Amino acid sequence: MKRKRETISKILIALSLLLIIGASVFLFCFNQKRFIGSRVKNPDAYFLDIEKMNGTDLHTLELWKDDVLQIQFETEKGSLYMEIKAPDGTYIYSGNGKEAKDFTVTIPESGIYTVIVEARHAKGIIHIQLKEGA
């Protein structure tokens, strides 16, 4: 009887370890950085059409004072977060694509601006381009 209990205990411990290992492998694979979709990075534009994205993407734009960026930003699934960082380190935009979807941002000073996109199990679009005639 005692041997039977020990055997059952060993089996339960082995099954518990296998379950923990399996869950760890699943979570590791599920949270890997990946991008499925299309991405275009031009000197005056940045387009992300995201089917599935995990991780961070960066792009720089050289802009002039009073340029106007036309932005379309929509999060369909998961979480998308975008920041546009000015040359002096301040942020001229930060948001999640759930409130304002189509908007413009006027550039306060000339220089190199960095667009930072962070995604977690995300689907959506981010289109940033210099507004014509601005």
Side-chain angles (χ1 to χ4, degrees):
M1 186 70 157
K2 188 175 182 180
R3 235 181 240 212
K4 192 174 184 180
R5 272 193 207 152
E6 288 176 1
T7 303
I8 291 173
S9 293
K10 287 179 183 179
I11 290 172
L12 289 175
I13 290 171
L15 288 174
S16 297
L17 287 173
L18 285 174
L19 182 64
I20 291 169
I21 291 169
S24 298
V25 168
F26 173 77
L27 289 174
F28 177 77
C29 291
F30 188 67
N31 286 317
Q32 288 296 304
K33 290 183 180 181
R34 72 174 85 158
F35 179 82
I36 300 170
S38 68
R39 175 177 17 217
V40 177
K41 295 180 176 184
N42 291 327
D44 62 350
Y46 178 49
F47 301 108
L48 286 175
D49 291 303
I50 304 162
E51 284 301 314
K52 186 178 281 186
M53 181 176 171
N54 259 345
T56 303
D57 195 51
L58 302 171
H59 182 56
T60 57
L61 303 165
E62 184 173 4
L63 302 168
W64 301 98
K65 184 178 183 348
D66 297 326
D67 276 351
V68 176
L69 292 177
Q70 181 68 47
I71 301 172
Q72 185 180 7
F73 181 17
E74 186 171 348
T75 303
E76 293 178 36
K77 184 176 168 187
S79 71
L80 268 176
Y81 183 76
M82 179 177 67
E83 297 175 325
I84 302 175
K85 189 175 178 181
D88 67 0
T90 61
Y91 292 94
I92 62 169
Y93 173 79
S94 62
N96 62 11
K98 292 184 179 174
E99 290 124 23
K101 296 180 190 303
D102 291 300
F103 55 96
T104 60
V105 173
T106 302
I107 301 305
E109 65 178 298
S110 297
I112 304 293
Y113 286 74
T114 304
V115 180
I116 304 142
V117 176
E118 295 177 10
R120 187 145 181 86
H121 311 296
K123 178 179 182 175
I125 60 166
I126 296 175
H127 292 180
I128 302 171
Q129 62 187 344
L130 201 54
K131 189 173 180 180
E132 290 190 33

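Predicted model, so just to flag it, every value in this text is computed and none were measured.
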**Student:** Looking at residues at least two apart in the chain, or sitting in another chain, which of them share a side chain to side chain contact (heavy atoms under 4.5 Å, CB included) with P43?
**Tutor:** none
**Student:** Could you walk me through whether L69 and L130 pass side chain to side chain contact (heavy atoms under 4.5 Å, CB included), step by step?
**Tutor:** CA-CA 5 Å; L69 292 177; L130 201 54; 4.3 Å; yes
**Student:** Would you mind listing every side chain to side chain donor-acceptor pair (under 3.5 Å) that reaches into residues 38-53, with sequence neighbours excluded?
**Tutor:** S38-D49, R39-D57, K41-D57, Y46-D57, D49-H127
**Student:** Give, for atom CD1 of I126 and atom NE2 of H59, the distance between the pair rounded to the nearest 0.5 Å.
**Tutor:** 12.0 Å
**Student:** To the nearest 0.5 Å, what is the distance between CD1 (I92) and NZ (K85)?
**Tutor:** 12.5 Å
**Student:** If you link I, L, V, M, F, W and Y whenever their side-chain heavy atoms are under 4.5 Å apart, who else ends up in the same group as I116?
**Tutor:** L58, Y91
**Student:** Show me the donor-acceptor pairs within less than 3.5 Å that the side chains of residues 72-82 make with the rest of the protein, sequence neighbours left out.
**Tutor:**
{"residue": "T75", "atom": "OG1", "partner": "N96", "partner atom": "O", "Å": "2.7"}
{"residue": "Y81", "atom": "OH", "partner": "E83", "partner atom": "OE2", "Å": "3.4"}

**Student:** Assigning hydrophobic clusters by single linkage (Ile, Leu, Val, Met, Phe, Trp, Tyr; side-chain heavy-atom cutoff under 4.5 Å), is V105 placed with L48?
**Tutor:** yes
**Student:** What pair of heavy atoms forms the shortest contact from P87 to G111, and how long is it?
**Tutor:** CG-CA, 3.7 Å
**Student:** Quick one: CD1 on I125 to CD1 on I50, what's the gap to the nearest 0.5 Å?
**Tutor:** 9.0 Å
**Student:** Through direct or indirect side-chain contacts below 4.5 angstrom among Ile, Leu, Val, Met, Phe, Trp and Tyr, which residues connect to F47?
**Tutor:** V40
**Student:** Just do the side chain to side chain contact (heavy atoms under 4.5 Å, CB included) check on Q70 and I128 with the steps written out, would you?
**Tutor:** CA-CA 6 Å; Q70 181 68 47; I128 302 171; over 6 Å; no
**Student:** Residues in salt bridge (charged side-chain N to carboxylate O under 4.0 Å, His left out) with E62, at least two apart?
**Tutor:** none
**Student:** Quick one: list whatever passes ring-ring contact (aromatic ring centres under 6.0 Å, His included) with F103, sequence neighbours left out.
**Tutor:** Y93
**Student:** Between atom CD1 of I71 and atom CD of Q129, what is the distance when rounded to the nearest 0.5 Å?
**Tutor:** 10.5 Å
**Student:** Would you list the pairs meeting side chain to side chain donor-acceptor pair (under 3.5 Å) in which at least one residue belongs to residues 102-113, sequence neighbours left out?
**Tutor:** none
**Student:** Drop me the distance from D67's CG to L61's CG, to the nearest 0.5 angstrom.
**Tutor:** 10.0 Å
